Number of protein chains: 2
Amino acid sequence: MLKISELAGRIGLSAHTIRFYEKHGLIEASERSESGYRLYNAADVNRAEFVKTARNIGFSLEDIAQLLSIRLDRSSHSCQEVTDITRNKLHEVNRKMAELEAMQKVLSRLLDNCDGGLENATHCSILEVLDNGGLATTGRVN
Amino acid sequence: MLKISELAGRIGLSAHTIRFYEKHGLIEASERSESGYRLYNAADVNRAEFVKTARNIGFSLEDIAQLLSIRLDRSSHSCQEVTDITRNKLHEVNRKMAELEAMQKVLSRLLDNCDGGLENATHCSILEVLDNGGLATTGRVN
DNA sequence: GTTGACCTTAGAGTTGTCTCTAAGCTTATA
DNA sequence: TATAAGCTTAGAGACAACTCTAAGGTCAAC
Ligand SMILES: [Zn+2]
Ligand SMILES: [Zn+2]
Ligand SMILES: [Zn+2]
Ligand SMILES: [Zn+2]
(Lines give C-alpha, C1' and ligand atoms only; values in the text may rest on other atoms or scores of the structure.)
(Ligands and ions follow the chains in the order given, each with its own letter.)
Protein backbone atom coordinates (compact mmCIF):
# COMPACT_ATOMS: atom_id res chain seq x y z
CA MET A 1 0.00 0.00 0.00
CA LEU A 2 1.50 3.25 -1.13
CA LYS A 3 0.90 6.66 0.30
CA ILE A 4 0.13 9.48 -2.06
CA SER A 5 3.66 10.79 -2.46
CA GLU A 6 4.96 7.29 -3.01
CA LEU A 7 2.45 6.85 -5.78
CA ALA A 8 3.39 10.29 -7.05
CA GLY A 9 7.06 9.37 -7.19
CA ARG A 10 6.29 6.08 -8.87
CA ILE A 11 4.16 7.39 -11.69
CA GLY A 12 5.64 10.83 -12.07
CA LEU A 13 2.77 13.07 -11.08
CA SER A 14 2.61 15.41 -8.11
CA ALA A 15 0.47 14.56 -5.11
CA HIS A 16 -1.53 17.66 -5.93
CA THR A 17 -2.25 16.37 -9.38
CA ILE A 18 -3.21 12.98 -8.07
CA ARG A 19 -5.76 14.55 -5.73
CA PHE A 20 -6.97 16.66 -8.61
CA TYR A 21 -7.40 13.55 -10.75
CA GLU A 22 -9.21 11.85 -7.91
CA LYS A 23 -11.64 14.73 -7.66
CA HIS A 24 -12.36 14.16 -11.32
CA GLY A 25 -12.82 10.46 -10.94
CA LEU A 26 -9.65 9.31 -12.69
CA ILE A 27 -7.61 7.87 -9.86
CA GLU A 28 -8.79 6.38 -6.62
CA ALA A 29 -7.35 5.10 -3.37
CA SER A 30 -9.35 2.09 -2.36
CA GLU A 31 -8.34 2.48 1.28
CA ARG A 32 -7.55 5.05 3.88
CA SER A 33 -5.29 4.68 6.90
CA GLU A 34 -6.72 5.27 10.36
CA SER A 35 -5.51 8.83 10.20
CA GLY A 36 -7.17 9.36 6.84
CA TYR A 37 -4.15 9.01 4.54
CA ARG A 38 -4.89 7.67 1.08
CA LEU A 39 -3.54 4.16 0.51
CA TYR A 40 -3.08 2.75 -2.96
CA ASN A 41 -3.06 -0.98 -3.67
CA ALA A 42 -1.70 -2.69 -6.77
CA ALA A 43 -4.91 -2.23 -8.73
CA ASP A 44 -4.99 1.45 -7.83
CA VAL A 45 -1.44 1.80 -9.01
CA ASN A 46 -2.24 0.08 -12.29
CA ARG A 47 -5.15 2.38 -12.81
CA ALA A 48 -3.04 5.42 -12.04
CA GLU A 49 -0.42 4.21 -14.50
CA PHE A 50 -3.08 3.74 -17.14
CA VAL A 51 -4.14 7.34 -16.57
CA LYS A 52 -0.57 8.57 -16.78
CA THR A 53 0.09 6.66 -19.99
CA ALA A 54 -3.08 7.94 -21.60
CA ARG A 55 -2.25 11.46 -20.54
CA ASN A 56 1.26 11.12 -21.94
CA ILE A 57 -0.20 10.11 -25.26
CA GLY A 58 -2.28 13.26 -25.19
CA PHE A 59 -5.78 12.12 -24.31
CA SER A 60 -7.86 14.69 -22.44
CA LEU A 61 -9.00 13.94 -18.93
CA GLU A 62 -12.49 13.45 -20.27
CA ASP A 63 -11.23 10.95 -22.85
CA ILE A 64 -9.39 9.17 -20.08
CA ALA A 65 -12.52 9.02 -17.95
CA GLN A 66 -14.29 7.29 -20.83
CA LEU A 67 -11.43 4.91 -21.45
CA LEU A 68 -11.38 4.05 -17.77
CA SER A 69 -15.05 3.23 -17.70
CA ILE A 70 -14.49 0.86 -20.60
CA ARG A 71 -11.45 -0.63 -18.91
CA LEU A 72 -13.46 -1.16 -15.76
CA ASP A 73 -15.94 -3.38 -17.58
CA ARG A 74 -14.36 -4.42 -20.83
CA SER A 75 -16.90 -7.08 -21.61
CA SER A 76 -19.79 -4.69 -21.85
CA HIS A 77 -17.99 -2.32 -24.18
CA SER A 78 -16.77 -2.77 -27.73
CA CYS A 79 -13.49 -2.15 -29.47
CA GLN A 80 -15.40 0.35 -31.55
CA GLU A 81 -15.96 2.57 -28.55
CA VAL A 82 -12.25 2.59 -27.94
CA THR A 83 -11.34 3.33 -31.52
CA ASP A 84 -13.95 6.09 -31.68
CA ILE A 85 -12.24 7.90 -28.83
CA THR A 86 -8.86 7.32 -30.40
CA ARG A 87 -9.93 8.35 -33.87
CA ASN A 88 -11.57 11.52 -32.58
CA LYS A 89 -8.38 12.41 -30.84
CA LEU A 90 -6.39 11.73 -33.98
CA HIS A 91 -8.68 13.98 -35.97
CA GLU A 92 -8.26 16.71 -33.41
CA VAL A 93 -4.51 16.33 -33.60
CA ASN A 94 -4.63 16.46 -37.39
CA ARG A 95 -6.68 19.64 -37.30
CA LYS A 96 -4.25 21.31 -34.94
CA MET A 97 -1.30 20.17 -37.01
CA ALA A 98 -2.83 21.75 -40.09
CA GLU A 99 -3.28 25.02 -38.22
CA LEU A 100 0.26 24.95 -36.96
CA GLU A 101 1.63 24.12 -40.37
CA ALA A 102 -0.10 27.15 -41.80
CA MET A 103 1.40 29.30 -39.07
CA GLN A 104 4.78 27.75 -39.64
CA LYS A 105 4.70 28.61 -43.30
CA VAL A 106 3.68 32.19 -42.73
CA LEU A 107 6.22 32.76 -39.99
CA SER A 108 8.98 31.24 -42.08
CA ARG A 109 8.14 33.44 -45.00
CA LEU A 110 8.06 36.49 -42.79
CA LEU A 111 11.50 35.62 -41.51
CA ASP A 112 12.80 35.01 -45.02
CA ASN A 113 11.88 38.54 -45.96
CA CYS A 114 13.31 40.46 -43.06
CA ASP A 115 17.02 40.51 -42.47
CA GLY A 116 16.59 40.97 -38.73
CA GLY A 117 19.33 43.54 -38.66
CA LEU A 118 19.99 46.20 -36.10
CA GLU A 119 18.96 49.03 -38.40
CA ASN A 120 15.71 50.67 -37.50
CA ALA A 121 12.41 49.12 -38.41
CA THR A 122 11.13 51.94 -40.56
CA HIS A 123 10.80 49.70 -43.59
CA CYS A 124 10.55 46.36 -41.87
CA SER A 125 8.94 43.91 -44.24
CA ILE A 126 7.27 42.00 -41.43
CA LEU A 127 5.50 45.07 -40.16
CA GLU A 128 4.55 45.90 -43.72
CA VAL A 129 2.94 42.53 -44.19
CA LEU A 130 0.99 42.92 -40.98
CA ASP A 131 -0.06 46.38 -42.04
CA ASN A 132 -1.22 45.12 -45.39
CA GLY A 133 -3.46 42.37 -44.15
CA GLY A 134 -1.09 39.43 -44.46
CA LEU A 135 1.06 37.75 -47.05
CA ALA A 136 -0.14 38.31 -50.57
CA THR A 137 -1.29 35.03 -52.00
CA THR A 138 -0.23 36.09 -55.45
CA GLY A 139 3.39 37.11 -55.76
CA ARG A 140 5.90 35.03 -53.96
CA VAL A 141 8.98 35.24 -51.89
CA ASN A 142 12.27 34.68 -53.65
CA MET B 1 -15.49 57.59 -37.97
CA LEU B 2 -16.80 54.12 -37.28
CA LYS B 3 -18.75 52.98 -34.28
CA ILE B 4 -17.67 49.82 -32.56
CA SER B 5 -19.97 47.44 -34.38
CA GLU B 6 -19.05 48.97 -37.71
CA LEU B 7 -15.42 48.34 -36.92
CA ALA B 8 -16.37 44.87 -35.76
CA GLY B 9 -18.10 44.11 -39.05
CA ARG B 10 -15.23 45.52 -41.01
CA ILE B 11 -12.43 43.57 -39.42
CA GLY B 12 -14.33 40.47 -38.40
CA LEU B 13 -14.17 40.62 -34.64
CA SER B 14 -17.07 41.03 -32.24
CA ALA B 15 -17.61 44.31 -30.43
CA HIS B 16 -17.02 42.37 -27.22
CA THR B 17 -13.65 41.25 -28.46
CA ILE B 18 -12.73 44.75 -29.56
CA ARG B 19 -13.48 46.09 -26.07
CA PHE B 20 -11.50 43.23 -24.63
CA TYR B 21 -8.56 44.09 -26.87
CA GLU B 22 -8.89 47.70 -25.87
CA LYS B 23 -8.71 46.77 -22.21
CA HIS B 24 -5.45 45.05 -23.04
CA GLY B 25 -4.08 47.97 -24.98
CA LEU B 26 -4.26 46.49 -28.46
CA ILE B 27 -6.95 48.57 -30.10
CA GLU B 28 -8.00 52.09 -29.33
CA ALA B 29 -10.67 54.54 -30.31
CA SER B 30 -9.06 57.93 -30.51
CA GLU B 31 -12.38 59.70 -30.01
CA ARG B 32 -15.66 59.36 -28.27
CA SER B 33 -19.00 60.80 -29.33
CA GLU B 34 -20.83 63.17 -27.00
CA SER B 35 -22.75 60.26 -25.63
CA GLY B 36 -19.61 58.29 -24.99
CA TYR B 37 -19.63 55.94 -28.00
CA ARG B 38 -16.24 54.84 -29.26
CA LEU B 39 -15.31 56.36 -32.62
CA TYR B 40 -12.59 54.88 -34.79
CA ASN B 41 -10.71 56.94 -37.37
CA ALA B 42 -8.67 55.59 -40.26
CA ALA B 43 -5.54 55.15 -38.17
CA ASP B 44 -7.52 53.28 -35.52
CA VAL B 45 -8.93 51.01 -38.20
CA ASN B 46 -5.47 50.34 -39.59
CA ARG B 47 -4.23 49.48 -36.16
CA ALA B 48 -7.18 47.18 -35.55
CA GLU B 49 -6.52 45.48 -38.87
CA PHE B 50 -2.89 45.04 -37.95
CA VAL B 51 -4.02 43.36 -34.75
CA LYS B 52 -6.43 41.11 -36.59
CA THR B 53 -3.81 40.11 -39.15
CA ALA B 54 -1.28 39.32 -36.46
CA ARG B 55 -3.82 37.32 -34.54
CA ASN B 56 -4.77 35.40 -37.67
CA ILE B 57 -1.17 34.46 -38.14
CA GLY B 58 -1.17 33.12 -34.62
CA PHE B 59 0.68 35.71 -32.57
CA SER B 60 -0.38 35.92 -28.94
CA LEU B 61 -1.94 39.10 -27.65
CA GLU B 62 1.26 39.81 -25.81
CA ASP B 63 3.30 39.38 -28.99
CA ILE B 64 0.91 41.71 -30.72
CA ALA B 65 1.29 44.30 -27.97
CA GLN B 66 5.04 44.25 -28.55
CA LEU B 67 4.69 44.44 -32.30
CA LEU B 68 2.34 47.38 -31.89
CA SER B 69 4.76 49.28 -29.74
CA ILE B 70 7.39 48.82 -32.44
CA ARG B 71 4.94 49.82 -35.13
CA LEU B 72 4.06 52.95 -33.17
CA ASP B 73 7.65 54.15 -33.28
CA ARG B 74 9.42 52.19 -35.95
CA SER B 75 12.47 54.40 -36.00
CA SER B 76 13.47 53.65 -32.45
CA HIS B 77 13.20 49.90 -32.86
CA SER B 78 15.18 47.50 -34.97
CA CYS B 79 14.27 44.78 -37.41
CA GLN B 80 15.94 42.43 -35.00
CA GLU B 81 13.30 43.07 -32.39
CA VAL B 82 10.66 42.13 -34.90
CA THR B 83 12.42 38.99 -36.03
CA ASP B 84 13.03 37.97 -32.42
CA ILE B 85 9.32 37.96 -31.75
CA THR B 86 8.66 36.15 -34.99
CA ARG B 87 11.39 33.60 -34.47
CA ASN B 88 10.25 32.87 -30.94
CA LYS B 89 6.77 32.26 -32.23
CA LEU B 90 8.12 29.98 -34.93
CA HIS B 91 10.06 28.00 -32.35
CA GLU B 92 6.96 27.66 -30.24
CA VAL B 93 5.03 26.45 -33.26
CA ASN B 94 7.79 23.98 -34.09
CA ARG B 95 7.75 22.61 -30.56
CA LYS B 96 4.01 22.14 -30.62
CA MET B 97 4.20 20.51 -34.03
CA ALA B 98 6.72 18.04 -32.74
CA GLU B 99 4.46 17.17 -29.82
CA LEU B 100 1.49 16.75 -32.09
CA GLU B 101 3.47 14.63 -34.50
CA ALA B 102 4.42 12.31 -31.70
CA MET B 103 0.80 12.03 -30.67
CA GLN B 104 -0.22 11.48 -34.26
CA LYS B 105 2.18 8.59 -34.61
CA VAL B 106 1.07 6.92 -31.43
CA LEU B 107 -2.61 7.34 -32.16
CA SER B 108 -2.18 6.00 -35.67
CA ARG B 109 -0.34 2.97 -34.44
CA LEU B 110 -2.99 2.34 -31.82
CA LEU B 111 -5.64 2.45 -34.50
CA ASP B 112 -3.64 0.16 -36.76
CA ASN B 113 -3.67 -2.48 -34.07
CA CYS B 114 -7.32 -2.49 -33.08
CA ASP B 115 -9.95 -3.50 -35.57
CA GLY B 116 -12.55 -1.26 -33.95
CA GLY B 117 -15.15 -4.00 -34.23
CA LEU B 118 -18.34 -4.40 -32.29
CA GLU B 119 -17.08 -7.38 -30.35
CA ASN B 120 -16.39 -6.71 -26.73
CA ALA B 121 -13.24 -5.02 -25.60
CA THR B 122 -11.92 -7.82 -23.44
CA HIS B 123 -8.75 -8.13 -25.46
CA CYS B 124 -8.66 -4.67 -26.98
CA SER B 125 -5.11 -3.93 -28.03
CA ILE B 126 -5.48 -0.23 -27.31
CA LEU B 127 -6.46 -0.83 -23.73
CA GLU B 128 -3.61 -3.30 -23.46
CA VAL B 129 -1.12 -0.71 -24.61
CA LEU B 130 -2.45 1.80 -22.11
CA ASP B 131 -2.29 -0.84 -19.41
CA ASN B 132 1.28 -1.67 -20.29
CA GLY B 133 2.67 1.80 -20.13
CA GLY B 134 2.57 2.69 -23.82
CA LEU B 135 3.78 1.36 -27.12
CA ALA B 136 6.82 -0.83 -26.84
CA THR B 137 9.71 0.90 -28.53
CA THR B 138 11.18 -2.42 -29.54
CA GLY B 139 8.92 -4.66 -31.54
CA ARG B 140 6.94 -3.05 -34.24
CA VAL B 141 3.55 -2.93 -35.82
CA ASN B 142 3.12 -4.85 -39.07
C1' DG C 1 9.48 16.25 22.99
C1' DT C 2 10.42 18.77 19.31
C1' DT C 3 11.64 19.28 14.70
C1' DG C 4 10.46 18.53 10.04
C1' DA C 5 8.44 15.91 6.45
C1' DC C 6 4.15 14.34 5.09
C1' DC C 7 -0.81 14.14 5.13
C1' DT C 8 -5.79 16.20 5.20
C1' DT C 9 -9.59 19.52 3.37
C1' DA C 10 -11.95 23.27 0.91
C1' DG C 11 -11.29 26.46 -1.97
C1' DA C 12 -8.82 30.19 -4.55
C1' DG C 13 -5.57 31.36 -8.25
C1' DT C 14 -3.25 30.68 -12.87
C1' DT C 15 -3.04 31.15 -18.10
C1' DG C 16 -5.02 32.89 -22.46
C1' DT C 17 -8.69 34.38 -25.02
C1' DC C 18 -12.53 35.41 -24.99
C1' DT C 19 -17.89 35.54 -23.94
C1' DC C 20 -21.59 37.05 -21.64
C1' DT C 21 -24.61 39.58 -18.23
C1' DA C 22 -26.91 43.29 -15.92
C1' DA C 23 -28.53 47.68 -15.70
C1' DG C 24 -28.97 51.60 -17.87
C1' DC C 25 -28.33 55.38 -21.64
C1' DT C 26 -28.67 56.75 -26.89
C1' DT C 27 -30.09 56.68 -31.50
C1' DA C 28 -32.77 55.42 -35.50
C1' DT C 29 -37.10 54.06 -37.36
C1' DA C 30 -42.23 53.78 -37.82
C1' DT D 1 -43.80 58.44 -29.02
C1' DA D 2 -42.90 53.90 -28.72
C1' DT D 3 -40.01 50.30 -29.88
C1' DA D 4 -35.91 48.18 -31.15
C1' DA D 5 -31.24 48.17 -31.98
C1' DG D 6 -27.03 49.69 -30.38
C1' DC D 7 -23.98 51.66 -27.01
C1' DT D 8 -21.83 52.12 -22.09
C1' DT D 9 -19.57 50.00 -17.72
C1' DA D 10 -17.83 46.69 -14.30
C1' DG D 11 -17.46 42.44 -13.48
C1' DA D 12 -18.61 37.41 -13.72
C1' DG D 13 -18.14 33.02 -16.18
C1' DA D 14 -16.10 29.59 -19.39
C1' DC D 15 -12.53 26.30 -20.69
C1' DA D 16 -8.44 22.76 -19.50
C1' DA D 17 -5.46 21.15 -16.53
C1' DC D 18 -3.37 22.14 -13.14
C1' DT D 19 -1.08 24.70 -8.98
C1' DC D 20 -1.05 26.55 -4.77
C1' DT D 21 -2.61 28.19 -0.03
C1' DA D 22 -4.24 28.05 4.62
C1' DA D 23 -4.91 25.84 8.61
C1' DG D 24 -4.35 22.04 10.76
C1' DG D 25 -3.52 16.72 11.96
C1' DT D 26 0.18 12.68 11.85
C1' DC D 27 4.41 10.32 12.03
C1' DA D 28 9.44 9.08 12.23
C1' DA D 29 13.76 10.41 13.96
C1' DC D 30 16.93 12.34 17.17
ZN1 LIG E 1 -11.26 -5.48 -31.62
ZN1 LIG F 1 12.32 43.80 -40.61
ZN1 LIG G 1 15.73 44.89 -41.72
ZN1 LIG H 1 -9.69 -2.83 -29.53
Side-chain angles (χ1 to χ4, degrees), chain A residues 1-40 44 48 51-68 85 88-89 92-93 95-96 99-100 103, chain B residues 1-40 44 48 51-68 85 88-89 92-93 95-96 99-100 103:
Chain A
M1 298 297 252
L2 306 182
K3 279 189 286 184
I4 196 165
S5 65
E6 292 165 335
L7 177 64
R10 176 123 160 210
I11 66 179
L13 291 173
S14 73
H16 273 305
T17 299
I18 291 172
R19 288 192 203 96
F20 170 79
Y21 282 180
E22 180 185 291
K23 193 158 64 177
H24 292 271
L26 300 186
I27 287 180
E28 55 182 39
S30 41
E31 280 187 57
R32 291 279 179 138
S33 74
E34 286 184 3
S35 53
Y37 287 17
R38 289 169 179 80
L39 295 175
Y40 300 90
D44 296 335
V51 169
K52 179 70 187 319
T53 302
R55 200 211 61 165
N56 280 352
I57 290 174
F59 285 108
S60 69
L61 302 192
E62 199 195 319
D63 290 337
I64 297 173
Q66 288 183 60
L67 290 168
L68 280 169
I85 295 167
N88 285 342
K89 188 76 203 174
E92 185 191 319
V93 167
R95 271 197 307 280
K96 285 189 190 160
E99 272 176 33
L100 289 177
M103 286 173 54
Chain B
M1 300 295 253
L2 304 182
K3 279 188 287 184
I4 195 165
S5 65
E6 292 165 335
L7 177 65
R10 176 126 161 206
I11 66 178
L13 292 173
S14 73
H16 274 306
T17 299
I18 290 172
R19 287 193 203 96
F20 170 79
Y21 283 179
E22 180 185 291
K23 193 159 64 180
H24 293 269
L26 300 186
I27 286 180
E28 54 182 38
S30 40
E31 280 187 56
R32 291 279 180 137
S33 74
E34 286 186 4
S35 53
Y37 287 16
R38 289 168 179 80
L39 295 175
Y40 299 90
D44 296 335
V51 169
K52 178 69 188 319
T53 301
R55 200 209 63 166
N56 280 351
I57 289 173
F59 285 107
S60 70
L61 302 192
E62 199 194 323
D63 290 336
I64 297 174
Q66 288 182 60
L67 291 169
L68 280 169
I85 295 167
N88 285 342
K89 188 75 204 173
E92 184 191 320
V93 167
R95 272 197 307 279
K96 285 189 188 161
E99 272 177 31
L100 288 177
M103 288 174 52

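Below, read A as the first sequence line, B as the second, and so on, with proteins coming before strands; counting in each chain starts at 1. The shown structure was predicted, so the numbers you read here are calculated from the model rather than taken from an experiment.
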#### Entry: Aromatic centroids of B/His24 and B/Phe20 separated by under 6.0 Å
yes

### Query
Hey, are the side chains of B/Lys3 and B/Arg38 touching, using non-hydrogen atoms and a 4.5 Å cut-off?
no

### Task
Would you indicate whether the side-chain heavy atoms of A/Thr53 and A/Asn56 approach each other to under 4.5 Å?
no

### Summary
Atom CD1 of B/Ile27 and atom P of C/dC18 are separated, to the nearest Å, by 10 Å

### Task
With DNA chain D as reference, determine whether B/Glu6 or A/Lys3 sits nearer its 5' end, using the nearest nucleotide of each.
B/Glu6

### Message
From the set C/dT8, C/dC7, D/dC7, return the single nucleotide nearest to any side-chain atom of A/Arg32.
### Response
C/dT8

### Message
Is there a side-chain contact between A/Ser33 and the phosphate of C/dC7, meaning an N or O under 4.0 Å from OP1 or OP2?
### Response
no

### Task
For each nucleotide in nucleotides 17-23 of chain D, reading 5' to 3', give B when a protein heavy atom comes within less than 4.0 Å of its base, S when such contact involves only the sugar-phosphate, and - otherwise.
BBBBB--

### Query
Shortest non-hydrogen contact from B/Leu39 to B/Ser33?
CD1-N, 3.6 Å

### Task
Starting at atom CD of B/Glu22, determine the distance to atom C1' of D/dA10, rounded to an integer number of angstrom.
14 Å

### Task
Can you tell me the distance, in whole Å, between the CG atom of B/Leu2 and the C1' atom of D/dC7?
15 Å

## Note on the structure
Heavy-atom closest pair (B/Ile18 atom, B/Leu13 atom, distance to 0.1 Å) is CG1-CB, 4.2 Å

### Query
Over how many whole Å does the gap from A/Leu39 atom CG to D/dC27 atom C1' extend?
14 Å

### Task
Give the rounded distance in Å between these two atoms: CG of B/Leu7 and P of D/dC7.
11 Å

### Task
Rounded to the nearest angstrom, tell me the gap between atom CD1 in B/Ile4 and atom C1' in C/dT19.
14 Å

### Task
Measure from the side chain of A/Arg19, starting at C-beta and using heavy atoms only, and say which of C/dT8, C/dT26, D/dT9 lies closest.
C/dT8

### Options C/dC6, C/dT8, C/dT27, nucleotide nearest the side-chain atoms of A/Arg38
C/dT8

### Query
So do the side chains of B/Lys89 and B/Phe59 get within less than 4.5 Å of each other, counting heavy atoms only?
yes

### Task
Tell me, yes or no, whether the heavy-atom count around A/Glu62 atom CD, taken from other residues, nucleotides or ligands under 6.0 Å, exceeds 12.
no

### Query
Please give, in whole Å, the distance from C/dC7 C1' to A/Tyr37 OH?
4 Å

### Task
Take atom CD1 of B/Ile64 and atom C1' of C/dC18, then tell me their distance rounded to the nearest Å.
13 Å

